[in-house]
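The chain is numbered in sequence order, starting from 1.
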Amino acid sequence: MRKDITIVAEPRSSRGKNEARRLRVAGQAPGVLYGAGGESVPVAIIPKEINKILHSNTGHNTIFNLSVTGGETVPVMVVDWLNDPIKDNLLHVDLKRIDLTLRLRVKVPVHTSGEPKGVKLQGGLHELITREVEIECLPDDIPEQFILDATELSIGENLRAGQIPMTGSMKLLSNPEAVISHVVSMKAEEVVAVDAAVAPAAAEPELAKAKGKKEEEAPADDKKKKK
């Protein structure tokens with residue numbers, strides 16, 4: 001989804017660990033701008049600005065403007081980033097130029113709304129199976145999310161990816177038969193759980209019986225050897 005946001009970046013003249021360390025001490029993080037037929041440009045950005053994008057509702061699907069001091073101002077997307085595993089600070093970010101006339105492949109979150117009939121009236125359990133689908137569309141048509149109404153689902157019924165409405169330039173790339181959510185019987189869940197718990201105990205008598213049979217046959221074998 002395109003947002004009217006502009007983030008300023010400073011061009012970098014050098015690379016390497018020492019340069020990255022110097023930038024982080026100064027409250028910045030190294031990054032690279034590339035794509036759309038343009039040259040790769042090393043930049044320095046303010047981590048807080050990128051984190052705002054990543055933690056927004058549209059996340060890394062957000063298209064915003066990057067203004068490089070003394071250079072270009074272009075629409076971009078965050079395509080990759082690295083965080084410190086301990087402090088969770090942004091260590092590096094890859095920014096891709098976006099051609100607004102070309103289609104993109106993106107993954108979009110999927111949610112459901114409403115309480116299914118199978119839960120409310122039949123005592124079933126509603127499970128969300130697939131949390132995102134992949135689509136192709138023009139940059140300006142990237143949706144924030146998809147929401148499917150689950151209120152009419154009864155036990156044994158499901159919602160599939162093919163039921164997600166595609167509007168504008170959107171085209172579904174995920175398998176249309178992929179199950180988004182379904183309603184299952186709580187009793188069926190309990191039976192499976194009970195069977196799983198009983199199975200090991202039921203196997204023990206069989207094992208004991210097999211052992212007893214071998215022990216009984218042993219003397220007969222000994223008699224044959226004596227003959």
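Considering CD of Gln28 and CG of Leu23, their distance stands at 5.5 Å, rounded to 0.5 Å. To the nearest 0.5 Å, atoms CG (Leu91) and CG (Asp84) are separated by 5.0 Å. In this structure, CD1 on Ile164 lies 7.5 Å from OG on Ser174, to the nearest 0.5 angstrom. Thr112 OG1 to His182 NE2: the interatomic distance, rounded to the nearest 0.5 Å, is 11.5 Å. Note that NZ of Lys52 is 11.0 Å distant from CD1 of Ile46, once rounded to the nearest 0.5 Å. For the atom pair Leu121 CG and Glu115 CD, the distance stands at 8.5 Å (nearest 0.5 Å).
The two residues Ile155 and Ser185 have their closest heavy-atom pair at CG2-N, 3.9 Å. Between Ile5 and Phe64, the shortest heavy-atom distance links the atoms O-CB, 3.5 Å. Contact detail for Leu90 and Ala29: the closest heavy-atom pair is O-CB, 3.7 Å. Pro116 and Leu153 make their closest contact through CB-O, 3.5 Å (heavy atoms, listed as atom of the first residue, atom of the second, distance). Shown here for Arg160 and Leu148, the closest heavy-atom pair between the two residues is O-CD1, 4.3 Å. The two residues Arg2 and Leu100 come nearest to each other via the heavy atoms NH1-CD1, 3.1 Å.
In this structure, the side chain of Ser169 engages the main chain of Leu138 through a donor-acceptor pair within 3.5 Å. Checking side-chain atoms of Gln122 against main-chain N and O of Val119 turns up no donor-acceptor pair under 3.5 Å. In this structure, Asn83 contributes its side chain and Pro85 its backbone to no donor-acceptor pair below 3.5 Å. With hydrogens and angles ignored, the 3.5 Å screen pairs a side-chain donor or acceptor of Asn61 with a backbone N or O of Lys107.
Residues Val93 and Ile45 form a side-chain contact, since some pair of their non-hydrogen atoms from C-beta on lies under 4.5 Å apart. Side-chain atoms of Leu102 and Pro139, non-hydrogen and from C-beta on, never get closer than 4.5 Å to each other. When side chains are defined from C-beta on, His126 counts as touching Ser181, because their heavy atoms get closer than 4.5 Å. Within the 4.5 Å cutoff, the side chain of Met77 has heavy atoms near those of the Leu104 side chain. Taking the side chain as every heavy atom from C-beta outward, Val79 and Tyr34 approach each other to under 4.5 Å. At least one side-chain heavy atom of Ile142 sits under 4.5 Å from a side-chain heavy atom of Cys137. Looking only at side-chain heavy atoms (C-beta outward), Ile129 and Glu127 come within less than 4.5 Å of each other. At least one side-chain heavy atom of Val133 sits less than 4.5 Å from a side-chain heavy atom of Leu172.
With hydrophobic clusters built from ILVMFWY side chains whose heavy atoms lie under 4.5 angstrom apart, Val68 shares a cluster with Val78. A continuous path of ILVMFWY side-chain contacts below 4.5 Å connects Leu95 to Leu54, so both sit in one hydrophobic cluster. Val32 is not connected to Val74 by any chain of hydrophobic side-chain contacts under 4.5 Å among Ile, Leu, Val, Met, Phe, Trp and Tyr, and they are in different clusters. Hydrophobic cluster membership is shared by Ile180 and Val106, with clusters built from Ile, Leu, Val, Met, Phe, Trp and Tyr side chains linked at under 4.5 angstrom. Residues Val8 and Leu33 do not share a hydrophobic cluster, clusters being chains of Ile/Leu/Val/Met/Phe/Trp/Tyr side chains in contact below 4.5 Å.
Around the NZ atom of Lys3, the shell of radius 6.0 Å holds more than 12 heavy atoms that belong to other residues, nucleotides or ligands.
For the residue pair Glu10 / Thr69, a side-chain donor-acceptor distance below 3.5 Å is found, with atom types taken as modelled.
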Check step by step if side chain to side chain contact (heavy atoms under 4.5 Å, CB included) holds for Thr130 and Val110. CA-CA 7 Å; Thr130 303; Val110 182; 5.8 Å; no
For the pair Ile63 and Lys96, evaluate side chain to side chain contact (heavy atoms under 4.5 Å, CB included) and give the outcome as yes or no after the intermediate values. CA-CA 10 Å; Ile63 297 176; Lys96 183 178 179 180; over 6 Å; no
Begin with the C-alpha distance, continue with both residues' side-chain angles, and end with the deciding distance and a verdict on side chain to side chain contact (heavy atoms under 4.5 Å, CB included) for Met166 and Lys171. CA-CA 6 Å; Met166 296 286 112; Lys171 177 185 177 182; 5.8 Å; no
Met170 and Phe146: side chain to side chain contact (heavy atoms under 4.5 Å, CB included), yes or no, with the steps? CA-CA 12 Å; Met170 297 179 197; Phe146 290 119; 4.0 Å; yes
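Between Arg103 and Glu136 there is a salt bridge, since at least one side-chain N of the basic residue sits less than 4.0 Å from a carboxylate O of the acidic one. A salt bridge is absent between Arg12 and Glu19; no separation between the charged side-chain nitrogens and carboxylate oxygens falls under 4.0 Å.
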